[in-house]
Number of protein chains: 2
Amino acid sequence: MGKRRPGAPTLEEVAVHARVGRGTVSRVINNAAGVKDSTRRAVQRAIEELGYVPNLAARSLAGRRADAVALVMTEPDWRQFAEPFFSEIVRSLGDALTDTGIQLLLTLVRSDTERQRFLEYARGGRVDGVLLMSVHAGDPLPDMLAEARLPTVLLGRRSGEEYVSYVDADNIGGARSAVSHLLRQGRRVIATITGPLDLYAAQCRLRGYEEALAMAGLEGEPTRVAESDFTAESGRRAMAELIERYPDIDGVLAASDTTAAGALEALRAAGRRVPEDVAVIGFDDFSLAQRTEPRLTTVRQPIEEIGRAMIRLLLEEMEEGAVAWRHVILRTELVVREST
Amino acid sequence: MGKRRPGAPTLEEVAVHARVGRGTVSRVINNAAGVKDSTRRAVQRAIEELGYVPNLAARSLAGRRADAVALVMTEPDWRQFAEPFFSEIVRSLGDALTDTGIQLLLTLVRSDTERQRFLEYARGGRVDGVLLMSVHAGDPLPDMLAEARLPTVLLGRRSGEEYVSYVDADNIGGARSAVSHLLRQGRRVIATITGPLDLYAAQCRLRGYEEALAMAGLEGEPTRVAESDFTAESGRRAMAELIERYPDIDGVLAASDTTAAGALEALRAAGRRVPEDVAVIGFDDFSLAQRTEPRLTTVRQPIEEIGRAMIRLLLEEMEEGAVAWRHVILRTELVVREST
DNA sequence: ACTCAGGACGGGAGCGCTCCCAGTTCGCGG
DNA sequence: CCGCGAACTGGGAGCGCTCCCGTCCTGAGT
């Protein structure tokens, strides 16, 4: 299956053509020091003339590295997270890798078969490290990768777990400061629309909401909670439900900007003005937050930093050989706009 | 950068452990015939005991193939196409590959640098073939891949181009039959919401719309067209615009189900009943079409078949070495539900 | 008992690169 | 003009596998 381009020139042929040794050609294509300028140019001309492209399989075999890392997504997330979050993360990871010469490969793992196949691929040495998108609690993949001693970094913690490297945003703090902001504005009937509560991030945001109320001495109050799945549609439904349950509601923290956008629609439909009657806060601060009407106050997730941190941790592990687990929790920040 | 797990067992070690030759172990892990059952079992036990995993770099080097294909997306599409179309395609490609032992790798190409890097990766032999998502007209990637003699299959044609293999749906026919359906229902003021018209698929759907009107002898009529970018939001806007321009509108063909969903909202907001006042037809038949209110009549794209066809063409090219261009145009089908 | 076809099996010869050491050349002070 | 580090350069020794050919063993046929 799949004969490769036959007769592709080899490094050896380039060496002959340039009248130098293999070692020298190798040094040139790897930009290594210690080659006279004139020699280097000669080799480069030979490469040009022959249309030489290094064979990556041979390079991997000899060099014992793949110069590639995988970003693995499991089915559930990449559907619901799909839109902005996913694409933003991929972009920021791509940016963080641009000048490392490392290829970013996305892989979908939707079934046990595919998980197994990916594992063989990874253990077979086709990637030097693995990035995992929001892994669900029961997924055995992180452990399997650890067993294979493959450098691995998770995006987002799973509950409490420490024996794995991860990068996460301070969801608790973000939610807390959002709710505090509402309280400072004099709002008193504050509800929250959560994400799917089997996701640790969603649990954290809920916790932050509760903590802020507690800090304000409102512990006695009932917590007003509706669950969503991060989509606009579910946000609309959840908001409608909250309006019904708490007619005097005057503030809402949504699970994401998308959810908040849905909530805004529901509020409009119910004739409530934002922010006069009800203040709304989103989460994420993707571009959507600036296109809503009114523009959304939201908790900014530092996507760019998350991507950079993930790559940094992964590279460190690749360097040192996965001897320690690293955790980075990035600060979130409230961005105040017109909806509060 | 990135030392690989040191001391991973090699095929040689397995051979020693099982007291057989390297050849035999190779035959076992490749499921090749000509190994006595008892021997095979012994080897498998040795593999088990040593936790042996084949080194894919060595296998690629010796076997001259990568057992992987890349699915390349360029920035523009994977944002706007994003949601259902993209995920459905990936799913169907994944399914079509499951029992070939070939890994599907997604790659994002967002800049010239990344295009170049991917090309090196592909020409370096890390993949045996390339699948391209809806490539835009000016993209040089297909030609570069052809030059490198890498088997390549496009999803969706670019205008008229023939010197490349592709799989596409019959967009013209689909749009035509949708509009004919509306005409048969006695609708006379029929508009269309197109996709971005720099996309050939969108042009084709528009052409189908025009052809159906022409076939019905309505050529004199003005064509009623508004452009969208496939999102629900743009569908809503386009629909609102059409209502204003053609108050007596009684039928609409939308660019996609998502667009149609937006159009439904705009119609509801304008107090038009569907299908009594205005009939709406979508395009794609993704699951969304069954969740709208009313459920959407739509032109079904055979995603499953598209995925299978792409893989089939690619495997054929990989087998024969990219000597011919193959084209497959798949029939679309009108699925009538409640919105007409 | 002897022959011989055919199924099993072993292992040499690479695949194309990197690593690294030994050899060669160069530049410069004495 | 010689001596000596330092800067270059060449090429052997693998990396771990597949391919393939030659050998060995088995058992049926006579």
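Throughout, a chain's letter reflects where its sequence line sits, starting with A, and its residues are numbered from 1. If you're wondering where the values come from, they're calculated on a predicted model, not measured in any experiment.
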5′-ward residue of the pair A/Y52/B/K36 relative to DNA chain C
B/K36
Nucleic acid contacts of residues 38-49 of chain A, taken as heavy-atom distances under 4.0 Å to DNA chain C
none
Can you pull out every salt bridge (charged side-chain N to carboxylate O under 4.0 Å, His left out) where at least one residue sits in residues 35-52 of chain B? Sequence neighbours excluded, please.
B/D37-B/R41, B/R45-B/E49
Across all chains, not counting sequence neighbours, the side chain to side chain contact (heavy atoms under 4.5 Å, CB included) partners of B/A42 are none
For DNA chain D, determine which residues of residues 15-25 of chain A have any heavy atom closer than 4.0 angstrom to one of its atoms, and list them numerically.
A/R19, A/V20, A/G21, A/R22, A/G23, A/T24
Partner residues of A/R157 under the salt bridge (Lys or Arg N to Asp or Glu O under 4.0 Å) criterion, sequence neighbours left out
A/D168
A/R117 and B/D67: CA distance, side-chain angles, deciding distance, salt bridge (charged side-chain N to carboxylate O under 4.0 Å, His left out) verdict
CA-CA 12 Å; A/R117 218 190 277 302; B/D67 286 328; over 6 Å; no
Sugar-phosphate only, base, or nothing, as touched by B/G34 at under 4.0 Å among non-hydrogen atoms
sugar-phosphate
Test item: B/M73 and B/L106 side chains (from C-beta on) under 4.5 Å apart, heavy atoms
yes
SB check A/R123 A/E120 (cutoff 4.0 Å)
no
Partner residues of A/R312 under the salt bridge (Lys or Arg N to Asp or Glu O under 4.0 Å) criterion, sequence neighbours left out:
A/E316
Are side-chain heavy atoms of A/V72 and A/M133 found at a separation under 4.5 Å?
no
Terminal helix-axis angle for the helix from C/dA1-D/dT30 to C/dG30-D/dC1, with five pairs defining each axis and rounding to 10 degrees
50°
Residues at least two apart in sequence or cross-chain that pass side chain to side chain donor-acceptor pair (under 3.5 Å) with B/E147, listed by chain then number, are none
Non-neighbouring partners of A/L56 that pass side chain to side chain contact (heavy atoms under 4.5 Å, CB included), sequence neighbours left out:
A/R59, B/Y121, B/R126
5' to 3' on DNA chain D, which nucleotides open and close the contacts with chain B (atom under 4.0 Å from a heavy atom)?
D/dG16 to D/dT18
All salt bridge (Lys or Arg N to Asp or Glu O under 4.0 Å) counterparts of A/D143, not counting sequence neighbours:
none
Any A/H17 side-chain heavy atom under 4.5 Å of A/V14 side chain:
no
Quick check on DNA chain C: between B/A58 and B/A33, whose nearest nucleotide comes earlier from the 5' end?
B/A33
Using side chain to side chain contact (heavy atoms under 4.5 Å, CB included) as the criterion, list what pairs up with B/E12, not counting sequence neighbours.
B/T10, B/R22
